[in-house]
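What follows is a short report on a single structure.
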Amino acid sequence: EVDMDLLPFNAVHVDLVHPDHPDAWLQHEAYLALLSPEEHDRMARLVFERDRRRFLLTRALVRTMLSRYAGVAPAEWTFIANVHGRPEILDRPQGVPDLRFNLSHTEGLIACAVTIGREVGVDVEHIQRRLTRDVAGRFFAPSEVNHLKALAQDEQARAFFDYWTLKEAYIKARGFGLALPLADFAFTLSPPAPPQIAFEPALEDDPATWQF
């Protein structure tokens, strides 16, 4: 039985796992039992143990998190990837809410976001990694590039990752991945106000329908 008051009808619930923490691996045998045959095959094809560990924890996280909101056992969920690779629930059982989810991982962190009846995207990045080329100049909107250049040198890296995670989360929510040009939409960062988004006409999207 699911407590209806706990469902994310007007919210996005985000769970985080730190895969390098010893506690994250304590129930890995139980997690293996949750995977589908296809997921076991995908996991076995990964060369490095660290990648297999992250794959298992990511799949266990989304399965157990979804089951918190539905009378479906974690092992019983089935998934399909859309044409751009975003995983989605396949054959949602009758009576189960219109759950939507999105996943992201980076060094030391896995995130899963769940909501109901609306598109959702999440992105996490390791902000200590070095930027080896002018990613912003190649991919960001002109207003975002100008804002970054106007910042003090020690503020630019953090602001870059603010933009990058927002832009990744948006294209993941849209379900297009990098097929959606990153320069065709621009964020305005003015904390403590929430980030605002603006679109080029070609994207045919409405800023009022998004929250970040």
Side-chain angles (χ1 to χ4, degrees), residues 11-20 46-48 50-51 54-55 57-58 61-62 81-88 100-115 118-212:
V12 177
H13 291 180
V14 180
D15 272 12
L16 304 173
V17 171
H18 299 272
D20 298 328
L46 296 171
V47 175
F48 298 107
R50 186 172 188 177
D51 292 336
R54 183 170 63 188
F55 180 89
L57 291 174
T58 300
L61 173 62
V62 69
N82 76 1
V83 293
H84 298 288
R86 183 180 71 172
E88 299 170 352
R100 316 282 182 89
F101 72 93
N102 198 236
L103 295 161
S104 183
H105 58 76
T106 189
E107 183 181 343
L109 188 64
I110 301 167
C112 179
V114 171
T115 191
R118 64 194 72 202
E119 301 298 351
V120 62
V122 63
D123 188 57
V124 290
E125 298 288 342
H126 191 282
I127 63 173
Q128 301 304 322
R129 68 183 177 92
R130 295 185 62 185
L131 306 175
T132 56
R133 59 185 187 277
D134 183 20
V135 176
R138 292 178 61 196
F139 297 111
F140 284 12
S143 63
E144 295 167 333
V145 175
N146 291 337
H147 176 236
L148 283 173
K149 289 180 177 178
L151 292 174
Q153 193 69 33
D154 60 348
E155 298 176 343
Q156 289 185 10
R158 180 56 186 264
F160 168 86
F161 283 113
D162 286 344
Y163 280 122
W164 185 260
T165 52
L166 286 163
K167 292 173 88 69
E168 281 276 333
Y170 170 72
I171 63 176
K172 291 173 72 178
R174 287 288 304 269
F176 289 110
L178 289 172
L180 208 63
L182 292 177
D184 281 4
F185 58 98
F187 283 94
T188 300
L189 303 180
S190 50
Q196 301 296 313
I197 194 170
F199 301 108
E200 292 295 321
L203 281 191
E204 298 180 345
D205 206 341
D206 179 4
T209 63
W210 293 96
Q211 290 179 296
F212 297 93

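Along the sequence shown, the residues carry numbers beginning at 1.
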For Asp184, all residues meeting side-chain hydrogen bond (donor to acceptor under 3.5 Å, both in side chains), sequence neighbours excluded: none
For Asp205, side-chain hydrogen bond (donor to acceptor under 3.5 Å, both in side chains) partners two or more places apart: Tyr170, Arg174, Trp210
Considering all heavy atoms of both residues, which atom of [X] and which atom of [Y] are nearest to each other, and what is their separation?
| X | Y | value |
| --- | --- | --- |
| His84 | Ala179 | CE1-CB, 3.6 Å |
| Ala11 | Thr115 | O-OG1, 2.7 Å |
| Ala198 | Pro207 | CA-CG, 4.5 Å |
| Thr209 | Asp206 | OG1-O, 2.7 Å |
| Ala183 | Ala141 | O-CB, 3.7 Å |

Cation-pi geometry met for Lys167 and Phe185 (6.0 Å, 45°): yes
Contacts of Glu88 that satisfy salt bridge (Lys or Arg N to Asp or Glu O under 4.0 Å) - sequence neighbours left out: Arg86
Nearest 0.5 Å please: distance from the [atom1] atom of [X] over to the [atom2] atom of [Y].
| X | Y | atom1 | atom2 | answer |
| --- | --- | --- | --- | --- |
| Ile127 | Trp164 | CD1 | CH2 | 16.0 Å |
| Phe212 | Thr188 | CZ | OG1 | 11.0 Å |
| Gln196 | Leu166 | CD | CG | 11.0 Å |
| Leu46 | Phe55 | CG | CZ | 6.5 Å |

Please output the side-chain donor-acceptor pairs of residues 101-111 that fall under 3.5 Å, not counting sequence neighbours, one pair per line with the distance.
from: Asn102; atom 1: OD1; to: Val122; atom 2: N; distance (Å): 3.0
from: Asn102; atom 1: OD1; to: Lys172; atom 2: NZ; distance (Å): 3.4
from: Ser104; atom 1: OG; to: Asp123; atom 2: OD1; distance (Å): 3.3
from: Ser104; atom 1: OG; to: Val124; atom 2: N; distance (Å): 3.0
from: His105; atom 1: ND1; to: Arg54; atom 2: NE; distance (Å): 3.4
from: His105; atom 1: ND1; to: Arg54; atom 2: NH1; distance (Å): 3.4
from: Thr106; atom 1: OG1; to: His126; atom 2: N; distance (Å): 3.1

Identify each donor-acceptor pair in which a side-chain atom of residues 151-163 lies under 3.5 Å from a protein atom, sequence neighbours left out, and give them as a table.
from: Gln156; atom 1: NE2; to: Leu148; atom 2: O; distance (Å): 3.3
from: Gln156; atom 1: NE2; to: Leu151; atom 2: O; distance (Å): 3.1
from: Tyr163; atom 1: OH; to: His147; atom 2: ND1; distance (Å): 2.6

Non-neighbouring partners of His18 that pass ring pair (Phe, Tyr, Trp, His ring centres under 6.0 Å), sequence neighbours left out: none
Pair Glu119-Arg100, side chain to side chain contact (heavy atoms under 4.5 Å, CB included): steps then yes or no: CA-CA 7 Å; Glu119 301 298 351; Arg100 316 282 182 89; 3.2 Å; yes
Residue pair Asp15 / Val114, side-chain heavy-atom distance below 4.5 Å: no
